[in-house]
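Throughout, protein chains are lettered first and strands after them, A, B, ... in sequence-line order, and every chain is numbered starting at 1. The analysis underlying the following values was restricted to heavy atoms, covering all of them including side chains, and did not include hydrogens, waters or symmetry mates.
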Amino acid sequence: MSTHASADVHHHEGHDPYLAHHFEDRAQQDEAHSLGLWVFLSTEIMFFGGLFLAFTVYHVLFPEAFGLASSRLSVSWGVINTIVLLVSSFTMAMGVHSAQVGSRKLLLTFLSITLLCAGAFMVIKGIEWTEKYHHHLIPGASFHFDLNDPTAPETQLANWGERREAILIADPHVERHAQMFYVMYFCLTGLHGIHVLIGMGLITWMILRAKRNEFNTRWNTPIELTGLYWHLVDVIWIYLFPLIYLIHRH
Amino acid sequence: MNPQVPSDFDIFPVQASTVAPSVDMFYLFMVGISTFFTIAIPLAIIYFAVKYRRRPGNDKARRVETSTVLEITWTVIPFFIVMGMFFWGSRVYFLHGAEDPNALEILTTGKKWMWKFQHKNGRREINDLHIPVNTPIRLKMASEDVLHSMFVPAFRQKQDVMPGRYTYLNFEATRPGVYHLFCNQYCGTQHSNMIGKVVVMEPGDYQKWLGGFTGDPPEKVGEQLFSSLACNTCHAGDSGARGPVLNGIVGTKVALQGGNIITVDDNYLRESILQPEAKVVAGYQPIMPSFSGVVTQDQVNALIAYIKTLPAGQATGVASAPAPTAAGEAAATATNAETTGSEAVTPAPAVRQDVAPEPENNDAATTAGEAAGSETSAGAAQTTAGEQQGVQ
Amino acid sequence: MSDQASSMRHTEDKIDSTHFAHHIISPKVYLTVIVVLMVLTALTVWVAYQDYSHAWSLANLAIALGLATVKATIVCLWFMHVRYSGRLIQIVIAASLLFFMLMLFGTLMDVWTRHNVTSADYGSPEPTYEQRRDVHLPIGDDKHSH
Amino acid sequence: MSAIDAPNPYQAQSRSSAVEAAATFPNYLNATGGWKSWLFTGDHKRIAILYIITTTIAFLFGGLAAALVRLELLTPQGDLMSGDGYNKAFSAHGIIMVFMFLVPVVPAVLGNFLVPLMIGAKDLAFPKINLMSWYLYMIGTFFGLYAIIAGGVDTGWTFYTPFSTTTNTNVISAAVGVFIIGFSSIFTGFNFIVTVHKMRAPGLTWFRLPLFIWSMYATSLIMILGTPVIGITVLMVAVERLLHLGVFDPAFGGDPLLFQHLFWFYSHPAVYIMILPGFGIISEVIPAFARRNIFGYSFIAMSSLAIAMVGFFVWGHHLFVSGQSAYAGMVFSALSFVIGVPTAIKVFNWTATLYKGSISFETPMLFALFFIGLFLIGGLTGLFLAAMGLDIHLHDTYFVVAHFHYVMVGGMMLAYLAGIHYWWPKISGRMYPEFLGKLSALIVFVGFHITFFPQFVMGYMGMPRQYHEYVAEFQVYHVLSTAGASVLGVGFLMPVVYLTYSWFYGPRVNSNPFKATGLEWQTSSPPPTTNFVEIPVVTVGPYEYADFEENELVHAR
Ligand code: HEA
Ligand code: HEA
Ligand code: CUA
Ligand SMILES: [Cu+2]
């Protein structure tokens, strides 16, 4: 079934310090790494997928409750966070670019901006979560969702009385089901937040390694992989944003 | 009367519903196909194994080309076989699901670990289900806690029961008798004791059971109730029982949870049956269901009378015997002096008032009962015992 | 075949190609991309506030998700270099999305058509979606006292 | 891609010299010493050994729980254990056997050992991640066993809500265990996928890959696409238990069926994780002992992929009576039937491979043939369950229990035993005792039927599963089943004992005792740490036995 290549194939030219012993050459190693990361990202998609599925099912089951609950989120914070995250994605891409062209200074700058944006994102999330706390929108014993709350945006509507009746006919337990929205909201943004934190950790690590001058035009795979991961975090937010903030604004 | 089951080595459960024969037929078909493959393939293997075993003259490796024709054959043929199975299997399924708008609806609640039924006229029962033969029945089911599943092997019927949503089981029994009823969805500690029986009766008997009364003395009635209401599953008196032994308790002192001590008298017994959670015996879980609304005042009296006759220092009843004796069965049919709608409507504990399985008021109950009655007697008239196989 | 094979250090069939690596994309492209993403974000928010006629109540959601998909695709293609990657990586992405979608639709297939199982309350017409929902809940708020 | 290339003199020469050279090399077992060299190894072969030890221990624990279950069921009354005790016993049995034993066993033991060897690579693509996945397995198993030992879990292996979110047993730590073991499995699968794509030896094109590799590849696809979903699902259960948010709680509109969808979206594909690697083993063993090229190579290869794909869309067949919509049920039922076809293709091809062979019946072959016999019944009864009309009656009865033991124990377990015997000389460098091997195969086969066949019958009679006590008329079947289980237990314990013995004292073997064709046989037994002295160059398909034997020089010493 097989023959063996002559010995010199194995003991090939010099030794590349960036080449692990079990790979034949850099091309093989790099491709293995990038394929590996992509395969990992696909597991991430399925991981979030489970939650997205739960969100969708409950959205289908309780459209009114989800609409009402969603409209109590702050769109402006959502928009700001989207922009922050998109910018961070851009700076990350620029960071990878700087690494590829071998500019350590730019690499450090872009990575730092990315890290800052990520931090800002988390701070804003923190603000939003605190707001929810003050409005008793944290699921659990203290949860309180009231269709008659005069401060809620929907109760400002002109025809609210009518709408309220219609909603209650459609879903008499709408106040209870609103909690499900917040459960999903916290699960999704929480899990996403954990990913942002992991990303921040990775970026910090990359900054430290870049400071130690570990990367150059020949060796920047870790930066690329971190970048891929970070973009995925962004992509997930791109879906989360309309799904949780915008489902019922019209 | 014990649940009707075949003797030890039968391989078919009794067929007692309209769908059972068609399920069995399909099952036999599947068994046939499977037997064919389970014999044919190993036979081929054995044949090759013998014919081509390694031996002098056959010790060289060979090359045999793959035959695409063969491959396609054994892809396409099984495909058609399984599609056949799919269509037949689904057809049988839709027989199961088929429902009759005039079906007799019985409200069914599963909870850890018992089945509660409520008939049209308000009569309730626990773990036993009395139904008329040859009448479309529809169980409207919900759970109060976790998932359960209603399974009657003799009917080849099963449906999960869940909290927060009704599910339905439609069937029509074709043979009077007593059949097993199992909880088939794992639900915890007593999952395997969440069993009961289905009593299929002639429609007339069913009507009598629904409203009939008996002239037996109260202790006697109480004894029968004690088993038909499944008191004995918890108060059987063996060491593993879930409830306290009731023998000779009248007049004794009982320690309650919280430290109080109380002397057992009629009022306490009554309260224990109707509101068991009010005074819980020390050392026991408050798992006893409330029988308020399940039993009439007369029946409470009968139960108390029976409990009083229990000799001190001896175990009651048969240990974990969900299947009552023939006498018990017959009497259970005939007790209930005055089960009326209005008395029976008190919602079971933990069932919210506004969403409780809808109680019928007296008139409605009677009408429904009558309707069901005339319906079924008509059905019964067509069916004599000998012809049952033909009715499907 | 064997000549060709022994000249390689390892085997790569067409399907294995990942070749992403060192295609260097100009910063100008990145800049364009981020601008487009911002515009799309603004658009997403704007359309969310538009009211389509009632018959189109799903339209807002569909448009929002459509725009999100456009954005995500742009991020993938340029920021993540998928545009310059080999087939294999594209297959990996497509596969995970496909499987996610199938999980979603498999489950929704049940959720959307569930009332066919519970079926009619006799006498009355098929219960509507809303009727069927937990209007009938036989359990109460008070029950769950966590 | 013609499979036969003319053998060239260079090929033969080089092969034998390579084998010679390898034999004088230190092998992976004695290359370095000390416990650290094992616990911090990156060598896929050593990691495989770590997994052999840990999964075997897991199997013994699971078997112990099975023994308790069977003993309790000897009589209709619950005389051995309390109701809770019994529930904890079968939950422990199911959780250990599925998550800690059968899902990881073949990929992590044989897959780890063989994937690089079979494709002519020096190691898996990510050795450190490979080691990490063993640690994850250990940590997860620790959590799981902790849950089971410190008070127990009584949810069954399926963790159905709302029971699992309300029972007062150690569900959280069991869920955390399952979550972590899940990641172990994701990393294994991801390593295999990258390795198979990127590290094949020169000339080893996709259609020259051994079928074991194809099946490991298909398995890996399931692992990476399915496992994350069970991860997030058990996480939600844990969160629900901790915080009572109502994710699956109907009081807040939570949908218990959603849990079931999520659970089975993983767990049905997972049953194919539990059988595809077995198919791979059988596809290696049968040609080796029939000395024939396998019949329908590409059909078997493609059917693995087809099973992995279609296997994702049949999960709803576990929900036929749970309140799922009838339309969804129809779709899932039809697809479940469809999946029987690629499986049938495999069975037919294995059988046809015997045709015109030169068959011998060493232990691996016996296990492989018994595998076909048992899996056949398991698979065909799967079709009973896939039929909606019949599943209404059979769901959650002992018929299902019998079905899945036929496929999991009769199928995968026997395949694993076939594989572990077949590659034992390669793994340990020593031979197993042939007579004891055949004897245990026979005992397992007989014991298995006695144990599980009666369960089909009582299942159809209506005996529900997960029953601590049962009505007396089922006792006959239960007694038979318990009797069979003791025979079966002996059959399973034998290999544990004699293989351990053989590891230390068995007779040494040459590099290719079964004269098989795979690349793994082209290096010494046990192989050197870097697997091959020289990287092999592949010129023909994997099962060219005729070709191989013509070439006198191949018979390595
Ligand atoms: C290794 C694991 C494994 C495998 C391979 C299978 C294979 C199959 N299983 Fe099984 N199954 C389980 C493990 C497995 N199963 C487990 C663990 C459960 C219970 C879970 C629980 O509730 O705890 C279960 C439960 C289960 C159910 C749910 C039962 C219920 O709870 O009500 C169903 C229903 O459709 C089913 C179907 C099938 C089918 C159609 C196949 C098919 O893939 C089988 C295909 C094989 C063949 C068809 C045989 C070979 C073919 C021939 C010899 C040729 C002749 C063939 C034709 C004519 C088609 N299985
Ligand atoms: C890989 C999977 C696997 C394997 C190998 C087995 C193996 C066995 N199983 Fe298991 N089984 C399951 C997976 C498996 N099972 C699953 C998933 C369930 C469902 C659980 C649930 O409902 O949640 C189940 C449920 C299940 C039940 C149903 C319980 C119920 O529903 O009430 C029964 C009953 O007979 C049973 C029996 C057996 C037997 C007799 C064996 C035999 O093959 C075992 C033979 C082996 C031995 C007997 C081991 C010998 C070892 C010792 C005796 C101990 C020595 C120990 C030490 C030194 C520590 N199993
Ligand atoms: Cu109720 Cu099992
Ligand atoms: Cu399945």
Side-chain angles (χ1 to χ4, degrees), chain B residues 5 8-9 11 13 23 26-27 30 34 37-38 41-42 44-45 48-49 52-54 58-64 66 71 74-75 78-79 82 85-86 89-90 92-93 96-97 146-147 149 151 153 156-160 162-165 167 180 182 184-193, chain D residues 83-84 156 160 162-163 166-167 250 256 291-293 295-297 299 321-323 326 330 333-334 337 340-341 344-345 347-348 351 354-360 369 372-373 376-377 380 383-384 387-390 392-393 395-396 457 461-462 464 466-471 473 476 545-546 549:
Chain B
V5 288
D8 278 354
F9 251 96
I11 53 170
V23 174
F26 178 59
Y27 177 69
M30 295 294 291
S34 304
F37 282 104
T38 347
I41 293 176
I45 290 179
F48 289 153
Y52 300 111
R53 69 187 181 279
R54 193 170 306 161
N58 183 29
D59 53 2
K60 280 267 175 302
R62 277 204 208 94
R63 211 192 134 69
V64 178
T66 297
E71 297 287 349
W74 63 47
T75 307
F79 181 78
V82 293
M85 292 173 175
F86 167 64
S90 304
V92 173
Y93 175 84
H96 278 270
V146 299
L147 303 179
S149 183
F151 178 33
R156 314 286 186 275
Q157 285 287 16
K158 174 184 301 152
Q159 172 62 53
D160 279 10
M162 52 188 127
R165 188 176 141 196
T167 48
H180 285 301
F182 294 126
N184 196 70
Q185 171 63 52
Y186 175 66
C187 55
T189 316
Q190 300 284 346
H191 165 57
S192 62
N193 292 330
Chain D
D84 284 329
Y160 269 23
F163 183 75
T166 51
T167 174
R291 314 234 39 90
R292 251 210 53 187
N293 59 322
F295 201 85
Y297 170 87
F299 291 88
V321 300
S322 68
M330 291 265 284
S333 167
F337 277 111
V341 175
I345 293 176
V347 174
F348 292 132
T351 310
L354 299 176
Y355 173 68
K356 285 197 178 168
S358 162
I359 308 166
S360 67
L369 295 180
I372 300 184
L376 198 60
I377 299 182
L380 286 165
L383 299 179
F384 287 55
M388 292 169 89
L390 210 45
I392 298 269
H393 179 56
H395 173 74
D396 271 0
V457 183
M461 297 285 290
Q466 300 168 324
Y467 259 33
H468 166 225
E469 301 177 333
Y470 53 89
V471 289
E473 65 251 30
V476 197
Y545 278 91
E549 283 187 359

Winner by heavy-atom pair count (cut-off under 4.5 Å) against chain D, out of B:Ser34, B:Gly89, B:Ser192
B:Ser192
Please rank B:Ala44, B:Ala49, B:Ser90, B:Pro42 by heavy-atom pairs under 4.5 Å with chain D and give me the top one.
B:Ala49
How long is the span from the [atom1] atom in [X] to the [atom2] atom in [Y], to the nearest 0.5 Å?
X: D:Ile392; Y: B:Tyr93; atom1: CD1; atom2: OH; answer: 5.0 Å
X: B:Ile41; Y: D:Ile377; atom1: CD1; atom2: CD1; answer: 11.0 Å
X: B:Arg62; Y: D:Tyr355; atom1: CZ; atom2: OH; answer: 9.0 Å
X: D:Ser360; Y: B:Asp59; atom1: OG; atom2: CG; answer: 11.0 Å
X: B:Gln185; Y: D:His395; atom1: CD; atom2: NE2; answer: 5.5 Å

Given heavy-atom pairs under 4.5 angstrom as the criterion, report whether the side chain, backbone, both or neither of [X] touches chain B.
X: D:Ile372; result: side chain
X: D:Phe384; result: both
X: D:Pro162; result: both
X: D:Leu383; result: both

Minimum heavy-atom separation for [X] to [Y], with atom names?
X: B:Ile45; Y: D:Leu369; answer: CG2-CD2, 4.0 Å
X: B:Gln159; Y: D:Gly323; answer: NE2-N, 3.6 Å
X: B:Phe182; Y: D:Val471; answer: CZ-CG2, 4.1 Å

Please lay out, stage by stage, how B:Asp160 and D:Ser322 fare under the test side chain to side chain donor-acceptor pair (under 3.5 Å).
CA-CA 5 Å; B:Asp160 279 10; D:Ser322 68; 5.0 Å; no
Highest number of heavy-atom pairs under 4.5 Å with chain B: which of [options]?
options: D:Ala334, D:Pro256, D:Gly156, D:Gly83; result: D:Ala334
options: D:Phe299, D:Tyr467, D:Tyr297, D:Tyr160; result: D:Tyr467
options: D:Gly373, D:Ser333, D:Ala344, D:Gly340; result: D:Ser333

Keeping the roles fixed (side chain from D:Ser358, backbone from B:Ala61), state whether a donor-acceptor pair exists under 3.5 Å.
no
Any side-chain to backbone donor/acceptor pair from D:Lys356 onto B:Val64? Under 3.5 Å, distance only.
no
Any idea how D:Phe348 and B:Phe37 line up, ring-wise: parallel (<30°), tilted (30 to 60°), or perpendicular (>60°)?
tilted
Measure the acute angle between the ring planes of B:Trp74 and D:Phe295, then classify it against the limits of 30° and 60° as parallel, tilted or perpendicular.
tilted
Test side chain to side chain contact (heavy atoms under 4.5 Å, CB included) on D:Thr351 and B:Phe48 and set out the steps.
CA-CA 8 Å; D:Thr351 310; B:Phe48 289 153; 4.2 Å; yes
Can you check whether [X] reaches [Y] side chain to side chain, under 4.5 Å on heavy atoms?
X: D:Ile345; Y: B:Pro78; value: no
X: D:Arg291; Y: B:Arg54; value: yes
X: B:Phe151; Y: D:His393; value: yes
X: D:Leu390; Y: B:Phe26; value: yes
X: D:Gln466; Y: B:His191; value: yes

Start with the C-alpha distance between B:His180 and D:Glu473, add both sets of side-chain angles, then the distance that settles side chain to side chain donor-acceptor pair (under 3.5 Å), and finish with yes or no.
CA-CA 11 Å; B:His180 285 301; D:Glu473 65 251 30; 2.7 Å; yes
Chain D contact via B:Phe79 - which portion, at a heavy-atom distance below 4.5 Å
both
